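Written below as structure tokens is the structure these notes are about.
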2 protein chains.
Amino acid sequence: MATADPANTATADPERPGFLLPLLLLAGFRTLVDDLHAELARQGHADLRPVHGFVLQAVGPAGTTASELGHRLGVSKQAAGKTVDRLVVLGYLERADDPADARRKLIRLTDRGHDGLRRSATLFDELRARWAQTLGEQRVSALEDDLRRVAQPNFFRLDVPGWFGT
Amino acid sequence: MATADPANTATADPERPGFLLPLLLLAGFRTLVDDLHAELARQGHADLRPVHGFVLQAVGPAGTTASELGHRLGVSKQAAGKTVDRLVVLGYLERADDPADARRKLIRLTDRGHDGLRRSATLFDELRARWAQTLGEQRVSALEDDLRRVAQPNFFRLDVPGWFGT
DNA sequence: GTACGATAGTCAACGTGGTTGACCAAATAG
DNA sequence: CTATTTGGTCAACCACGTTGACTATCGTAC
């Protein structure tokens, strides 16, 4: 990873107010996620990447299958399967045969997976509280309400062409 | 790309308020970017991907070099070079020799590149205006001010490990 | 004026995350 | 019982990132 350039905002043209809004939303999201993973790394989950959080969340405590997971994340079953492979290697997920259907392989969180998910939830709560401390609880709530009104609810969709592959 | 699942929010746990905030910020960002590129595609720039906007913006009207571009985007010069390759193929960028330094290759926007950047700026302005129409100009400004206070100004950094490669 | 270190660009190998298409085995519908 | 659908995997490919190695050029120091 290259070193940071403190002047990296040089080309953002403040004359065009429209550019700022998406950049600020992205910066806000990234700040939360970066802070989360910095702390997560300190708590023994250095190998968890941002995308993995979405996946663990989508697997959920009840477990799921590769096809269903792909459906939830909005990616192909093949992509979901490969992501599961990596999380299995890292020790966050496990596959088990479904006794009721020999085709299916149940995907479940391991203990480590549960731990990571639990810590993420706690840490996100803490980060939100920190924002509320800076901005005031009312402003944070207002921010959430406003975004709820204008944003499409495609929370978990990872299939933006050009962000992740084509 | 897989088909959308309207129930893809099923695993978001509303009991944990901390999860909502990052998701809403991401959803807000993605809404703007998706809307932008939908309209951009209608205006003859169907091959522009979200990441490309960052790159064109970072190249800027003045042009730059691959190393400097990598520096601005926070990625290696090799990564910057490869991205430039793709944008050159798409007709948005061009390389020219620097008469003052035979090592350097100037990277400049083509006419098509300028057009894409100009349209993006206009469309982002329009999208922000649409949000202001829904929420009120004051709320949008407040949203921007709040985010400015809590977000790290790493606007252009694309080097989040786990989002894009390692 | 030459030798040397820093800089710009490229190539190669690799990792991650995505896509299609093809394929097999098992479940299900007729 | 056959035909179709469904779940999982393999293979090939693309986008985007990394490090390491290499060449060519520039600038400096002697």
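It should be emphasised that the depicted structure is a prediction, and the values quoted were computed from it without experimental measurement. These values consider heavy atoms only, across backbone and side chains, with no hydrogens, waters or symmetry-generated copies. The chains referred to below are lettered A, B, ... by the order of the sequence lines, with proteins before strands, and numbering in each begins at 1.
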Proximity to DNA chain C (any heavy atom under 4.0 Å), residues of residues 97-107 of chain A only: A:D101, A:A102, A:R103

Sugar-phosphate only, base, or nothing, as touched by B:A66 at under 4.0 Å among non-hydrogen atoms: sugar-phosphate

Side-chain donor or acceptor of A:R112 paired with backbone N/O of A:L109 under 3.5 Å: no

Rounded distance in Å - CZ (B:F54) to C1' (D:dA15): 16 Å

Whole-Å distance separating the NE2 atom of B:H52 from the P atom of D:dA15: 8 Å

Whole-Å gap separating C1' (D:dT25) and NZ (B:K77): 13 Å

Neighbour count above 12 (heavy atom, 6.0 Å) for A:E137 CD: yes

Phosphate-side-chain proximity, B:T65 and C:dA8, N/O vs OP1/OP2 below 4.0 Å: no

Check: A:T110 side chain, A:Y92 main-chain N or O, donor-acceptor pair, under 3.5 Å: yes

Interatomic distance where CZ belongs to B:R95 and P belongs to C:dG9 [whole Å]: 8 Å

Check: B:R104 side chain, B:D98 main-chain N or O, donor-acceptor pair, under 3.5 Å: no

Atom-pair distance (CZ on A:R49; P on C:dG15), nearest Å: 16 Å

Pairwise side-chain contact, B:D115 with B:Q43, heavy-atom cut-off 4.5 Å (strictly under): no

pair A:L147-B:W131: side-chain heavy atoms closer than 4.5 Å: yes

Any N/O donor-acceptor pair, A:Q78 side-chain to C:dG21 base, under 3.5 Å: yes

Salt bridge (Lys or Arg N to Asp or Glu O under 4.0 Å) evaluation trace for B:D145 with B:R148: CA-CA 5 Å; B:D145 291 342; B:R148 240 188 289 260; 3.7 Å; yes

Within residues 82-93 of chain A, residues whose heavy atoms come under 4.0 Å of DNA chain C: A:K82, A:T83, A:R86

Exam field: side chain B:R139 to backbone A:D146, donor-acceptor pair closer than 3.5 Å: no

Basic-acidic side-chain contact under 4.0 Å: A:E68, A:R72: yes

Phosphate-side-chain proximity, B:S67 and C:dT7, N/O vs OP1/OP2 below 4.0 Å: no

